[in-house]
Every structure is written in C-alpha cells, then in structure tokens.
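The next block holds one structure in the form of structure tokens; read it before the comments.
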2 protein chains.
Amino acid sequence: MERTPRERMVYSCAQLVRTRGATGTSVRDVVEHAHAPRGSFQHYFPGGKDQLVGEAVLWGADFAVERVRAYRRTARRPTPSGLFRHMAGQWKDEFTQRGFERGCPIMAATADLAGTGSKVRAQLAEGLRRWERAVAEELVAMDVPARRARRLATVMISALEGAIMSARLHEDVAPLTAVAATLAPVLDG
Amino acid sequence: MERTPRERMVYSCAQLVRTRGATGTSVRDVVEHAHAPRGSFQHYFPGGKDQLVGEAVLWGADFAVERVRAYRRTARRPTPSGLFRHMAGQWKDEFTQRGFERGCPIMAATADLAGTGSKVRAQLAEGLRRWERAVAEELVAMDVPARRARRLATVMISALEGAIMSARLHEDVAPLTAVAATLAPVLDG
DNA sequence: TCACGGGTATGACGATTGTCATGAGGCTAC
DNA sequence: GTAGCCTCATGACAATCGTCATACCCGTGA
C-alpha cells in the first residue's frame, strides 16, 4: 500500500492530526499507525515532532494543490464555480464515504499551534499560501484577472474550510452544498 | 472582569482553548490563568475537564450570539451584508488590537475533539447551532425568507470561520475584508 | 457550643508525553 | 574479513497530564 517507512509516517501523521489535532497526536501513535519501526522516527526526523508535523502539514497542502489542479483536466468547460463545486464535492465524498471524523489537517494544526510560538507555524502559512496560489492560478487560466483571482481564491478556501468545520459538527454535508451554491454567482460573475 | 472563581475558570478556559486548542490546554493552566484556587476545580466541575471545556465552548457561542444581536441595535438601516461586515469587523478589531494568537474557541475545540468520541462534541454542535440560529433570526428580521436566512447564516459563519483561520496564518486581516466584500452582493441580493 | 457543609489546600496516583542514550542488525566498499 | 554507515530496537529519562483522596478553614443554623 505504501512507500518507505518515512513516507508512511508523514502520511499517518497527517491523518491523525486532522482527526485529533496536532497536540492530540503523539509520535508513538504515528509510528504505530504507520506500522513503522519505532526507532526510525528519531532517525528520519531529527527535528523531533515539529519536523514530522511540519512535513505532514505540507504534505496535506500539496495534496490539496493537486486536487485543485486536477479539475482542469476533468472539466470540459472550466468555470470558477465549477472549480469550487469540485473542491466542495471532494469533501462531500470524503464525509459520505469515510465519515466525519477527519477534517482538514491545516485547520487542525492551525487551531492548536498558530497561537503558540511553534516552528510549525511557518510551514502552515506556507501550505496555505501554496493552496491559495494554486486556486488563483486556475482562476487566471479561466481568464479571471489576477487581482480578482487572488481575492476569490481567499474567499473560496475560507468558505470551504468553514463549511468543513460546520459539516463535521452537524454530521451533514449540507453546509458544503450551501456554500457552493451560494458563492457560484459571485465567482462566475 | 472579576466574577466568581467558577466563572473565571470558564472564561480562562475559553481564552486558552482558542489559542492552544482543547488538548493543548491543561486544567492546571486554566486554574492558574483564572487565579482560582486549585482545589476548587474538582469542586465546581465534578465532570472533569470535559465539563469545563464544554461550558467554555458554550460560553464562547453565547458570546458570539450576543455580538450578532448587538448589530441590530447599532445599525440605523440593518442589512445582511451589514451584519456580516459587523461580524468580520469585530474579528478585525480583535486581531489588530490583541494580535493573532487567539482564534475562535469553537473551531479550536472542533479541530481537536470532533474526531474523537468526546462528550464535548454535543456541546460544540449545540453552540454552533445557537450561533447559526441567531444569525438566521437577524436575517429574518430584515425580511429575508426563513429558508434562505438559514442557508445564508450557514454561509456567513462558514466564510467567517475560514477567514479567521486564514487571517491568523497570514497575520493579516485582509481575508476578513475579502470575504465581507465578496459576499456582500449575494447577501443583499 | 457544636455539628455541618460548601469552599479551599495539598499531595499523590498511574498513565502518557517528547526526547535521548545505547546498541544491535545488515548492507556496501575496500 | 572488516570497517563503516544506514536502519532499526529497546529502555529509560524527566516532565506533564487528568484525576482522586484527604484534610483544613470557616461561616451558618440549631
């Protein structure tokens, strides 16, 4: 199923962080979840837990970036609202197929670490920036002016993140449908 | 400012949770932050940490509800976009005046506890529901149809929560301004 | 006066946390 | 062979976690 023990640890860390939060995830749990040798953690991550969580967060961000880019390849006639529906739809699939236990790793880590002087903060900001840039680039490819594209990207990601949180609490994907439907005219207008 | 030790503990818990997350907040820290006698915690909160965090989360939700209701009293000509700008504006004030360390307690606790079988989950859902209902009620008072009001309330809170997260990571209130400006035509239309 | 109980104080418990020290396998290079 | 490095194994460390047990203080009511 997976790659090297190191990659598995990063992946497992991302999965655990987005369900239990960064502080609620212990390195021992990550090692066990990844079926990785316990002694390898300190070998691959001499920077300790911060390094592991930082890489997990960036992994999640790059995963989201890839999802965003995938839309252009699947859509016959790409539109901003279509991209947003694409992003929201993938979270609806996640929730309906795997339940509401897992959220967004960036949000999870931000909630725990943004207020503390953690070193992971920088990687969280970097991850969000990559995600926003990817969305903005896709919008520009749909002939949206660059300035407006950046603003819409911020709004799309904000609304999506909030809807994810709301959906998890309500255990209902309705918020995701709501934001997608409501924002559609603004995005395309 | 100065209430009973019990109230101070709930308030302090909310403040700590929204900066370090629920798992990252220890009861000892709460007791110290509240300048409360350490032995009083188990006396006022026989339900343990879950009870304390649960009450803190509901406290935060009711605080948000009151903020929402306050708009009608201050605005001369209330509009949906005005209400949303009001909500976003208070968070801009929070960030510019007190820094980006503190976020929304509901989001913070959700990130940590929504994926675990915690008893606090129910109170998180209840808190969000109160907040959404308050916003919807204000919209109805502005002659927005009930069904549309509920949908817009979900969208407003989702966008706001996501913008809060984005603002904290970027250490910039721009996302809050962006969502407020972008959503305005949809809300009033 | 004395019993009572709400509030406070203090210490300890077992469990878990992140991190480190130490050492053993197993492979390549010489 | 054997030296050396990458990888893994194991145990222990101090610190912190949530929780509990116990006892003290002190105002009130009988």
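Atom set for the values below is all heavy atoms of this structure, side chains included, hydrogens, waters and symmetry mates excluded. Lettering of chains follows the sequences in order, A, B, ..., and the numbering in each one begins at 1.
A donor-acceptor pair is defined here as one N or O able to donate and one able to accept, closer than 3.5 Å; such a pair exists between the side chain of B:Thr96 and the backbone of B:Lys92.
Put simply, OG on B:Ser40 and CZ on B:Arg8 are 9.5 Å apart, with the number rounded to the nearest 0.5 Å. Between the CD1 atom of A:Ile157 and the OG atom of B:Ser166 there is a distance of 7.5 Å, given to the nearest 0.5 Å. The CG atom of B:Asp172 sits 6.0 Å away from atom CZ of B:Phe100, with the distance rounded to the nearest 0.5 Å.
Between B:Phe63 and B:Trp59, the ring planes are parallel. Angles under 30° get that label, and only those over 60° would be called perpendicular.
By the 6.0 Å contact criterion, CZ on A:Arg147 is open, its count of non-hydrogen atoms from other residues, nucleotides or ligands being 12 or less.
The minimum heavy-atom distance linking A:Met9 with A:Val30 is given by the pair O-CG1, 3.5 Å. Across B:Met142 and B:Thr79, no two heavy atoms sit closer than the pair SD-C, 3.3 Å.
Rounded to an integer number of Å, the gap from CZ of B:Arg38 to C1' of C:dT8 is 11 Å. Nucleotide D:dA9 holds its P atom 13 Å from the NE2 atom of A:His43, rounded to whole Å. What separates CD of B:Gln42 from P of C:dG7 is a distance of 13 Å, to the nearest Å. If you take CG of A:Asp112 and C1' of C:dT17, they are 15 Å apart, rounded to a whole angstrom. Whole-Å rounding puts the B:Arg8 CZ to C:dG7 P distance at 14 Å.
At C:dG6, none of the side-chain N or O atoms of B:Tyr44 fall inside 4.0 Å of OP1 or OP2 (strictly under the cut-off). Contact annotation: A:Ser40 does not reach the phosphate of D:dT7 (side-chain N/O to OP1 or OP2, under 4.0 Å).
Of the residues in residues 46-60 of chain A, not one comes within less than 4.0 Å of DNA chain D through any heavy atom. Scanning residues 14-36 of chain B for heavy-atom distances under 4.0 Å to DNA chain D yields B:Thr25, B:Ser26, B:Val27, B:Arg28.
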